[in-house]
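We're numbering straight along the sequence, starting at 1.
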Amino acid sequence: MRFHRYRSRLCSAATVAALVAAGGAVVTATAAQAAAGCTVTYSVASQWSGGFTGAVSVTNLGDPISSWTVTWSYAAGQRVSQAWNATVTQSGSQITARNAGYNGSLGTGASTSFGFNGTWTGSNPEPTDFAVNGTACTGTPGGNPTTPPTNTPPPTTPPTTPPTGNPPGNPTWGTALPPAGAPTSRAYDLIATANEKGYLPRSGECSVEIHARYWTYGPDGKVYPTWHPNRDASGCNFGHEHGDDPRPSDLFGTVNWPAFGYTSEVMMSSMPESSHRHEDHVGHKVLTVNNVNVIQGDNGTSFFPPQGTTIAVCDVLLKFHQGTHSPDAFTNNIHELLFNQRCAASNGGQVTEARFSALIPLGRAGGFSPSECPGFGGQFINVAPPVPADSPSETRSLGRLITEPGCVQAIREGRTHNDPLYPNPVPFTVSDMDDFWFSDFQITGSGLNFRLAPLFYVVNPSRYYDPTQPNRLGRIVDLCYTNLAGGDYCNQARQAGQNLAWDDPRSPFKGTLREFRPGTFSVQNSGSTTVYTDVYGRNASATPFAGSIQQYFSGNQSGQMYVRGATRDYSANGVHAPN
């Protein structure tokens with residue numbers, strides 16, 4: 001019954017889619033051949049008692065190379081424990097770093113980077129004896145390269161956010177707390193103590209300490225919360241869920257655990273307090289999909305993908321923050337997206353990839369528009385100033401569509417809507433009070449043109465907008481006990497034989513039935529695959545700057561494609577609102 005209802009709701013979603021048209025050392029190597037040379041930049045991105053995160057950037061100043069090996073030695077007994085974007089081995093004091101399968105080819109002037117975690121005792125001096133492909137870093141390039149370098153050399157001082165790839169996560173995930181002295185993010189600090197914004201367990205649920213064992217290192221070397229199952233191995237449950245396990249993703253080996261709240265941390269380090277944005281822990285949701293077929297001519301306007309030729313196959317691993325239990329989204333249109341997608345053209349041609357982290361805008365700040373009940377879009381409802389007050393707006397999409405009192409009135413009046421699964425119009429019910437969140441944003445500059453227009457849809461949110469209630473917050477389950485037509489979800493709630501509280505695990509209104517559509521996707525990049533933006537995905541630059549986030553874009557896609565993503569129901573035993 002629930003799945004049948006969900007299909008009808010998604011048909012309505014298709015109608016909506018139809019309406020949317022620390023210090024650094026820089027050393028230069030001279031190759032034995034006339035046209036070889038490089039620049040290596042080494043920096044300590046983060047350091048704590050006994051441990052540190054290092055970053056290495058390599059720029060090829062000579063003829064193109066198909067692979068690279070960087071070597072150096074440590075003088076104070078430092079040890080490398082984990083690495084990403086390269087295979088790093090150590091023999092005594094000697095370090096050898098070899099390229100990964102996807103970053104070995106470097107044209108003239110091209111750059112790549114890798115990072116690692118290490119340990120130190122006593123002192124942590126920077127190495128100076130770098131070599132690339134056996135050539136010592138002793139001076140300027142020998143001879144004249146065939147093509148002069150086009151990239152700006154890395155800065156001699158590190159940016160506020162160090163230019164590293166994603167750290168390798170946490171080898172003790174789910175079993176141990178972070179090492180003593182490891183730097184922690186604000187997002188992690190919120191879950192390390194009982195906190196409504198972080199984790200506030202109920203009687204019988206997992207303790208705060210068990211929950212805090214699920215962490216990862218972020219790109220800045222700090223500790224962040226990350227995905228965890230709804231139930232710990234000990235048998236206790238957490239009362240909330242974060243969507244899909246990211247480990248089965250074909251992209252997991254490249255991007256690893258998502259660091260919940262990373263973009264907000266960057267914002268804290270580079271922007272005034274009045275511009276900070278902090279999101280609650282339970283709203284972070286992960287999608288893992290492998291081998292999604294992209295159909296020629298699909299533009300997302302139908303519930304089922306059209307019949308046709310498969311033009312590409314995509315892998316998706318994303319994390320989006322979408323809470324549907326609080327009043328936050330009534331005014332705040334900025335929400336964190338950690339987006340990773342790789343698409344291979346079916347004809348064996350172009351591979352396009354984006355690894356992108358930002359606080360993305362979904363419509364206008366300060367308010368929202370009505371959801372499908374009583375009608376998609378509708379007049380914008382201005383609610384209150386957003387937090388932060390300088391949140392950018394986005395006006396190309398429908399933005400956030402949230403149910404409001406107009407839907408209650410439409411149900412009371414018996415108004416109907418067209419559903420492609422039924423021959424005749426069907427009445428609205430309380431079970432039709434859904435959320436649709438759209439965005440449409442672009443990044444341009446430094447040779448890059450990237451577009452993403454996703455849809456995040458929740459069938460069973462626990463709240464709706466009611467300006468007559470405290471915090472303007474109405475609870476949908478409460479409407480099930482009125483004279484309104486209830487629908488499938490209200491029928492389930494009424495079976496309890498009593499009026500359920502909004503956060504009762506038996507209430508079906510808990511934000512667990514969701515659809516993720518990565519949507520319209522396009523990448524054209526004629527510059528470096530490494531691009532730096534601010535926390536909102538703006539000000540694209542080939543070089544890092546204070547408060548920047550390192551992004552990755554590869555490929556030159558011909559035209560746009562529409563990626564379907566997946567539909568999931570995460571209503572596991574014990575999950576309840578807030579979720």
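- Looking at heavy atoms from C-beta onward, R568 lies out of side-chain contact with R514 at the 4.5 angstrom threshold.
- In summary, the side chains of T263 and E336 do present a donor paired with an acceptor at a separation below 3.5 Å, with no hydrogens or angles considered.
- Separating the OH atom in Y457 from the OG atom in S371 is a distance of 7.5 Å, to the nearest 0.5 Å.
- A donor and an acceptor atom, one from each side chain of S185 and E265, are nowhere located under 3.5 Å apart.
- Using modelled atom types, one side-chain atom of Q322 and one backbone atom of F456 make a donor-acceptor pair closer than 3.5 Å.
- A tilted orientation is assigned to the rings of H281 and F260, their planes being inclined by 30° to 60°.
- Counting only heavy atoms from C-beta outward, the side chains of W227 and R247 approach each other to under 4.5 Å.
- Residues D440 and F438 are not in side-chain contact: their nearest non-hydrogen atoms beyond the backbone lie 4.5 Å or more apart.
- There is a side-chain donor-acceptor pair under 3.5 Å between D232 and S234.
- When only modelled atom types and interatomic distance are considered, Q524 and S522 share a side-chain donor-acceptor pair under 3.5 Å.
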What's the verdict on salt bridge (charged side-chain N to carboxylate O under 4.0 Å, His left out) for D503 and K510, showing C-alpha distance, side-chain angles and the deciding distance?
CA-CA 8 Å; D503 56 353; K510 47 192 171 186; over 6 Å; no

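- For the pair Q78 (side chain) and P125 (backbone), a donor-acceptor distance under 3.5 Å is present.
- Inspection of the N124 and Y74 side chains reveals no N or O donor paired with an N or O acceptor under 3.5 Å.
- Annotation: cation-pi pair R364/F380 present, NZ/CZ under 6.0 Å from the ring centroid and within 45° of its normal.
- Counting heavy atoms from C-beta outward, V383 and Y465 have side chains that approach closer than 4.5 Å.
- Side-chain contact between P246 and P258 is present, with heavy atoms from C-beta onward closer than 4.5 Å.
- Side chain of H276 to main chain of M271: a donor-acceptor pair is present (N/O by atom type, distance under 3.5 Å, no hydrogens or angles).
- In this pair, H321 and H335 present their aromatic rings parallel. The plane angle is below 30°, not in the 30 to 60° band.
- H228 contributes atom NE2, which lies 9.5 Å from atom CD of E241 (distance to the nearest 0.5 angstrom).
- Atoms CG and OG1, on N170 and T216 in that order, are 6.5 Å from each other to the nearest 0.5 Å.
- Atom CH2 of W257 sits about 12.0 Å away from atom CH2 of W215, to the nearest 0.5 Å.
- For the salt bridge (Lys or Arg N to Asp or Glu O under 4.0 Å) test with D328, the passing option among R277, R463, R400 is R277; the others fail.
- Aromatic ring orientation, F450 versus F339: tilted (interplanar angle from 30° to 60°).
- In this structure, the side chain of N340 engages the main chain of L317 through a donor-acceptor pair within 3.5 Å.
- D466 contributes atom CG, which lies 12.0 Å from atom OG1 of T403 (distance to the nearest 0.5 angstrom).
- The aromatic ring centroids of Y214 and F238 lie less than 6.0 Å from each other.
- When side chains are defined from C-beta on, I476 counts as touching P461, because their heavy atoms get closer than 4.5 Å.
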Worked check of side-chain hydrogen bond (donor to acceptor under 3.5 Å, both in side chains) between Y570 and D244:
CA-CA 9 Å; Y570 302 102; D244 290 341; 3.0 Å; yes

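- Between F130 and Y42, the ring planes lie tilted relative to each other; the angle falls in the 30° to 60° range.
- Between the N333 side chain and the P392 main chain, a donor and an acceptor come within less than 3.5 Å of each other.
- With T184 contributing its side chain and V223 its backbone, the two residues share no donor-acceptor pair below 3.5 Å.
- How far CG of N460 is from CG of L513: 5.5 Å, rounded to the nearest 0.5 Å.
- Paired with S357 under the rule side chain to side chain contact (heavy atoms under 4.5 Å, CB included), one option of V535, L337, L338 passes, and it is L338.
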